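Shown next, in structure tokens, is the structure this report addresses.
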Amino acid sequence: MASSWGSFLQDEQQLEELARQAVDRALAEGVLLRTTQEPSSSDVVSYAPFTLFPSLVPSALLEQAYAVQMDFNLLVDAVSQNAAFLEQTLSSTIKRDTFTARLFDIYKQVLKEGIAQTVFLGLNRSDYMFQRNADGSPALKQIEINTVSASFGGLASRTPAVHRALVLLIAQEKERNVFDQRAIENELLARNIRVIRRRFEDVSEKGSLDQDRKLFLDGQEIAVVYFRDGYMPSQYNQQNWEARLLLERSCSVKCPDIATQLAGTKKVQQELSRVGVLEVLLPGQPEAVARLRATFAGLYSLDLGEEGDQAIAEALAAPNRFVLKPQREGGGNNLYGEEMVQTLERLKDSEERASYILMEKIEPEPFGNCLLRPGCPVRVVQCISELGIFGVYVRQGKTLVMNKHVGHLLRTKATEHADGGVVAGVAVLDNPYPV
């Protein structure tokens, strides 16, 4: 897609002036990050990286992404309730991936004890790129669905009376993206809902369950636990794993509960693309199945056997067509090109390969934009964008009482970068300009 900002992009003096004005506006609007030097303090902050101009997005694909989000909410919820499907799908992965195995151990323990939680809250973000087809037309293709710590809902909303409850936000001590979280806290506070920020360590030291498995922290009953931590192996030690188990055993509403986090793994994403799987999970909903399947890129299992052997052979023969994905969240984990080839050569005869999936590489059409970062010169670069749609659902027992889409996030990065997010310093915040 060609840019609509051609005249601006060619005038360096005008770009500099526009960039100064945009940065001042971002600071005034609270589009902020803590610095890498002081990630635990807000004494010195900077603006979150963003594009100088909104990026062109095909309006039909933006509408398609919104239309399918409620289907993805239903699908994630259905997967989280299907213990047999989760166990079968993740059986090979948990043999070789210790992080997923620890999550699954907690899931099994909670199932065995009996799930105390009766209300389930999902806050998901489904991420897409715009595949450029052979005829030049764009198509919406899903990269992944984030079911835990789906970030930037707060900051993205700034780039364009209820019963009293207490929400526990599980956060990291060193959190640069704190202002995104504060936006959510402030929104809840405006509705008379108090939020307390604690670490896993605080839960381990001061958290407890009563005989009804109600969760208490510092003597206060917790209604909702919202995870902005706990999605990567490095965020856990033995104390933190024990704290996570305590939280999962409670009757507090978890966002997400452990089953929903497992539903967001790459292995589940790959298994959902198999013929007939969606029909089993969403019976009697052919329209929803069609909308979901239209967004799927090619996804391939690397389990030991003929199917996995064939996928590896195809990737080694044409490495530029594929991406190797581990069972990780947080950005910067995927492998491309020569790095992918070396990993596949090392793992092709090992059971460890089952801890990865292979995905068809999405090839969007690049466009020009100006990416504004603290301390970086103002210049036009070739970019690609990633669109995320936020969805929320609430289920009480077996009854779905809410299911809606609740906004979007557009992140843009230079084409020279294969992987990485905003906090990692690769992508920047953006806004879609529907065309």
Side-chain angles (χ1 to χ4, degrees), residues 72-117 119-127 142-151 170 200 225-236 240-250 252-274 277-278 280-282 292 299 301-303 325-330 333 354-357 359 391-393 395 398:
F72 272 115
N73 290 346
L74 286 173
L75 182 59
V76 168
D77 189 43
V79 171
S80 73
Q81 296 180 72
N82 195 321
F85 176 79
L86 278 175
E87 184 160 10
Q88 179 181 352
T89 298
L90 296 173
S91 59
S92 59
T93 303
I94 60 179
K95 291 177 182 177
R96 304 302 303 178
D97 189 286
T98 55
F99 177 64
T100 307
R102 289 298 296 266
L103 292 173
F104 195 78
D105 286 345
I106 291 177
Y107 170 62
K108 292 290 286 184
Q109 187 168 340
V110 171
L111 277 183
K112 183 178 180 180
E113 190 177 74
I115 298 174
Q117 183 176 342
V119 177
F120 298 83
L121 169 63
L123 178 56
N124 307 317
R125 193 187 71 232
S126 187
D127 292 337
Q142 188 189 51
I143 301 168
E144 63 183 1
I145 188 160
N146 300 272
T147 60
V148 57
S149 190
S151 61
I170 300 294
F200 277 123
V225 181
Y226 174 42
F227 290 99
R228 292 300 293 261
D229 193 9
Y231 51 89
M232 294 194 298
S234 60
Q235 295 166 342
Y236 286 93
N240 291 6
W241 281 117
E242 292 171 358
R244 181 66 188 267
L245 176 59
L246 179 75
L247 295 171
E248 293 297 331
R249 292 183 60 237
S250 78
S252 299
V253 177
K254 270 80 67 179
C255 182
D257 64 295
I258 197 85
T260 303
Q261 183 169 348
L262 289 168
T265 57
K266 305 297 187 296
K267 182 62 181 176
V268 168
Q269 180 189 9
Q270 173 258 306
E271 196 65 20
L272 291 173
S273 70
R274 288 190 186 277
V277 172
L278 292 182
V280 172
L281 292 167
L282 298 175
L292 290 164
L299 294 158
S301 169
L302 295 184
D303 289 358
K325 291 189 166 189
Q327 310 300 313
R328 297 290 179 268
E329 303 298 334
N333 300 300
S355 63
Y356 294 82
I357 68 163
M359 181 175 173
V392 63
Y393 66 86
R395 173 169 49 84
K398 295 293 183 181

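Because the structure is predicted, anything quoted here is derived from the model rather than measured.
- Looking at heavy atoms from C-beta onward, Leu121 lies in side-chain contact with Val392 at the 4.5 angstrom threshold.
- For the 3.5 Å distance criterion, the side chains of Lys325 and Gln269 fail to qualify, holding no donor opposite an acceptor.
- Within a 6.0 Å sphere centred on CD of Glu113, heavy atoms belonging to other residues, nucleotides or ligands number more than 12.
- When the ring-ring contact (aromatic ring centres under 6.0 Å, His included) test is applied to Phe85, no partner is found at least two apart in sequence or on another chain.
- Remark: the backbone N or O of Leu86 is not paired with any side-chain donor or acceptor of Thr89 at under 3.5 angstrom.
- In this structure, Leu281 and Ala78 approach most closely via the heavy-atom pair O-CB, 3.8 Å.
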Side chain to side chain contact (heavy atoms under 4.5 Å, CB included), that's the test. Do Leu262 and Tyr107 meet it? Break it down for me. CA-CA 9 Å; Leu262 289 168; Tyr107 170 62; 3.7 Å; yes
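- Under the 4.5 Å side-chain criterion, counting only non-hydrogen atoms from C-beta, Leu74 is in contact with Leu282.
- Leu299 pairs in a side chain to side chain contact (heavy atoms under 4.5 Å, CB included) with only one of the listed residues (Arg274, Lys266, Gln270), which is Gln270.
- A cation-pi arrangement, defined by a distance under 6.0 Å to the six-membered ring centre and an angle within 45 degrees of its axis, is present between Arg244 and Phe227.
- With hydrogens and angles disregarded, a donor-acceptor distance shorter than 3.5 Å links the side chain of Lys254 to the backbone of Leu247.
- To the nearest 0.5 angstrom, Lys95 atom NZ is 14.5 Å from Thr100 atom OG1.
- Taking the side chain as every heavy atom from C-beta outward, Glu271 and Gln88 never approach each other to under 4.5 Å.
- Between Gln142 and Ser126, some side-chain heavy-atom pair lies under the 4.5 Å cut-off.
- Going from atom CG of Leu103 over to atom CD1 of Ile94 covers 11.0 Å, rounded to the nearest 0.5 Å.
- In terms of modelled atom types and a separation under 3.5 Å, the side chain of Gln261 and the main chain of Val148 share no donor-acceptor contact.
- The pair Arg328-Asp97 counts as a salt bridge, with a side-chain nitrogen and a carboxylate oxygen less than 4.0 angstrom apart.
- Gln327 approaches Ile357 most closely through the heavy-atom pair NE2-CG2, 4.0 Å.
- A side-chain donor-acceptor contact under 3.5 Å links Asn146 and Asp127.
- There is no side-chain donor-acceptor pair under 3.5 Å between Gln117 and Ser250.
- Separating the CD1 atom in Ile115 from the CD1 atom in Ile258 is a distance of 11.5 Å, to the nearest 0.5 Å.
- Inspection of the Arg228 and Tyr226 side chains reveals an N or O donor paired with an N or O acceptor under 3.5 Å.
- The heavy-atom pair separating Val76 from Thr147 by the smallest distance is CG1-CG2, 4.0 Å.
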Could you walk me through whether Asp257 and Glu248 pass the side chain to side chain contact (heavy atoms under 4.5 Å, CB included) check? CA-CA 7 Å; Asp257 64 295; Glu248 293 297 331; 4.0 Å; yes
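- Looking only at side-chain heavy atoms (C-beta outward), Leu90 and Val268 come within less than 4.5 Å of each other.
- In this structure, the side chain of Ser80 does not engage the main chain of Ala259 through any donor-acceptor pair within 3.5 Å.
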How far apart are the C-alpha atoms of Ser301 and Lys267, what are their side-chain angles, what is the distance that settles it, and do they pass the side chain to side chain contact (heavy atoms under 4.5 Å, CB included) test? CA-CA 8 Å; Ser301 169; Lys267 182 62 181 176; 3.1 Å; yes
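- Although no hydrogens or angles enter the test, the distance criterion places no donor-acceptor pair under 3.5 Å between the side chain of Gln235 and the main chain of Asp229.
- Between Phe72 and Ile145, the closest heavy-atom pair is CB-CD1, 3.9 Å.
- Annotation for Ile106 and Trp241: closest pair CD1-CE3, 3.7 Å, computed over non-hydrogen atoms.
- Leu123 CG to Tyr393 OH: the interatomic distance, rounded to the nearest 0.5 Å, is 10.0 Å.
- For the pair Leu245/Arg249, a side-chain contact is recorded, criterion being any heavy-atom separation below 4.5 Å from C-beta on.
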Would you sort out whether Phe104 and Glu87 count as a side chain to side chain contact (heavy atoms under 4.5 Å, CB included), showing the intermediate values? CA-CA 9 Å; Phe104 195 78; Glu87 184 160 10; 3.9 Å; yes
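- A pairwise comparison of heavy atoms in Thr93 and Ser355 identifies CG2-CA, 4.4 Å as the closest pair.
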Quick one: do Phe200 and Tyr236 satisfy ring pair (Phe, Tyr, Trp, His ring centres under 6.0 Å)? Show the steps, please. CA-CA 9 Å; Phe200 277 123; Tyr236 286 93; 5.4 Å; yes
